[in-house]
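Here the structure is laid out as structure tokens; the discussion comes afterwards.
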Amino acid sequence: MPELPEVETVRTALEPVVTGQQIRSVRLTRGDLRWPLPERLDEILTGQIFGMPWRRGKYILLPLSGQQTLLIHLGMSGAIRIYDNCPDSFGKHDHFSVELANNNWFVFSDPRRFGHLDLLQSGNEAAHPLLAAMGVEPLSNAFSRTYLDEVLAGRKQPIKTALLDQRLIAGLGNIYVSEALFKAGISPRRQAGNVVGKRAQRLAPAIRNVLNAAIEQGGTSLRDHVQPGGEIGYFVQSLQVYGRGGEPCNSCSAPIKVIRQGGRSGFYCPNCQH
DNA sequence: CTCCTGACCTGAGTGC
DNA sequence: TGCACTCAGGTCAGGA
């Protein structure tokens with residue numbers, strides 16, 4: 001489910017709820033999600049106080065008073081919901097729930113269990129195996145035409161596949177890659193190393209604009225994504241190509257094409273994107 | 001290194 | 001209704 005804008009939406013919603021709050025109790029229903037969870041995670045967390053949540057790529061990081069940081073990845077189907085009181089009941093896939101001293105709860109549910117929870121030493125985030133190789137944040141100043149030129153040079157894979165590689169750019173997923181390539185007028189099938197000149201010039205701003213617009217709208221709700229308060233994300237109304245196979249391009253009316261790359265569906269306008 | 005495939009899971013939708 | 005099959009917002013491990 002969640003790409004950078006959805007994760008950022010979750011982080012933003014968590015911030016005022018958890019920051020400075022002590023953990024009163026933790027409800028953990030299983031010892032593993034994608035991987036085994038830290039031993040005694042519930043006991044370790046109980047009593048600690050949350051700092052301000054931040055984000056790296058598609059990961060949410062929640063600093064704790066005890067010098068550790070809780071790392072959360074939502075996988076494909078993960079969602080976090082915030083409640084102002086103890087939920088009446090817990091769903092089958094509500095694997096991890098936290099009760100705060102202000103009586104609020106947040107509940108992490110993840111039907112497919114591709115998500116993950118881990119603990120790391122605060123300050124050593126960059127050394128964590130899941131974060132160590134991660135590329136630049138596309139909304140940071142380090143992300144530029146120059147950076148893209150550097151990491152794309154010589155790559156033979158399709159540009160779409162390269163943009164999905166978290167080691168190059170952190171946080172892009174299937175929706176926003178398709179949307180950004182449409183905005184930049186670049187075919188997803190073009191070799192990454194052949195994205196040069198005007199195309200290269202358009203790509204970084206296109207990525208940035210698409211992400212910022214999606215964050216503003218609370219992300220894209222297709223199936224699973226809801227904001228922690230229960231609101232859906234409205235960027236779904238702004239999608240130009242993703243999920244619109246066969247429908248007319250909003251710009252030229254040609255039918256949107258569906259392709260398969262790296263085992264994943266992609267969408268593009270064969271007339272507007274080259 | 002780079003690139004590609006399969007694997008991990010559940011649930012929703014489709015077609016017979 | 002039921003069953004078989006496909007697909008889904010991610011990404012890691014393993015092999016060529």
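Being a predicted model, the structure only gives us computed values, none of them experimental.
- A side-chain donor-acceptor contact under 3.5 Å links A:S265 and A:R260.
- Between the NZ atom in A:K160 and the CG atom in A:L181 there is a gap of 8.5 Å [rounded to 0.5 Å].
- The interatomic distance linking A:Q166 (CD) with C:dC12 (P) rounds to 8 Å, in whole Å.
- A:L33 places its CG atom 15 Å from the P atom of C:dT11, with the value rounded to the nearest Å.
- A distance of 6.0 Å or more separates the ring centres of A:W35 and A:F114.
- For the atom pair CG (A:L120) and CG (A:L130), the distance works out to 9.5 Å, reported to the nearest 0.5 Å.
- Between the CD atom of A:Q22 and the OG1 atom of A:T46 there is a distance of 9.5 Å, given to the nearest 0.5 Å.
- Near DNA chain B, meaning a heavy atom under 4.0 Å away, there are no residues from residues 237-248 of chain A.
- A straight line from CG of A:N174 to P of C:dA8 spans 8 Å, rounded to a whole angstrom.
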Between the protein and nucleotides 2-4 of chain B, list the N/O to N/O atom pairs that are separated by less than 3.5 angstrom.
from  : atom 1 : to     : atom 2 : distance (Å)
B:dC3 : OP1    : A:K156 : N      : 2.4
B:dC3 : OP1    : A:Q157 : N      : 3.3
B:dC3 : OP2    : A:R155 : NH1    : 2.8
B:dC3 : OP2    : A:Q157 : OE1    : 3.2

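- Rounded to whole Å, the distance from CG on A:L71 to C1' on C:dT11 is 14 Å.
- When the nearest nucleotides of DNA chain C are assigned to A:L130 and A:G219 by heavy-atom distance, the more 5′-ward of the two goes with A:G219.
- For the pair A:N124 (side chain) and A:Q121 (backbone), a donor-acceptor distance under 3.5 Å is absent.
- Without hydrogens or angle criteria, A:S221 side chain to A:G233 main chain gives a donor-acceptor distance under 3.5 Å.
- Atom CZ of residue A:R81 and atom CD of residue A:Q227 lie 10.5 Å apart, to the nearest 0.5 angstrom.
- Considering only residues two or more places apart in sequence or on other chains, A:D165 meets the side-chain hydrogen bond (donor to acceptor under 3.5 Å, both in side chains) condition with A:R167.
- Remark: A:R27 qualifies as a cation-pi partner of A:F90 under the 6.0 Å distance and 45° angle criteria applied to the six-membered ring.
- Ring-plane geometry between A:F106 and A:F96 is classed as perpendicular, the angle between the planes exceeding 60 degrees on a 0 to 90 degree scale with a lower cut at 30.
- A:R24 and A:N103 are linked by a side-chain donor-acceptor pair at a separation below 3.5 angstrom, with hydrogens and angles left out of the test.
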> What do the steps show when you test A:L211 against A:L172 for side chain to side chain contact (heavy atoms under 4.5 Å, CB included), and what is the final call?
Replying inline: CA-CA 9 Å; A:L211 294 176; A:L172 294 181; 3.9 Å; yes
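- The aromatic rings of A:F235 and A:Y176 sit tilted, their planes meeting at an angle between 30° and 60°.
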The dot-bracket string of DNA chain C, counting Watson-Crick and G-U wobble pairs with both distances under 3.5 Å, using [ ] for crossing pairs and | for pairs to another strand, is .|||||||.|||||||
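- Between the side chains of A:D110 and A:H95, no donor-acceptor pair is found at a separation under 3.5 Å.
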Per-nucleotide protein contact along nucleotides 6-11 of chain B, 5' to 3', at a 4.0 Å heavy-atom cut-off (B base, S sugar-phosphate only, - neither), is --BBBS
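- If you measure from atom CG of A:L131 to atom P of C:dT11, you get 11 Å, rounded to the nearest angstrom.
- If you take CG of A:L168 and P of C:dT11, they are 13 Å apart, rounded to a whole angstrom.
- For A:Q68 and A:S122, the side-chain atoms include no donor-acceptor pair closer than 3.5 Å.
- Near DNA chain C, meaning a heavy atom under 4.0 Å from it, residues 257-267 of chain A has A:R260, A:R264, A:S265 in order of number.
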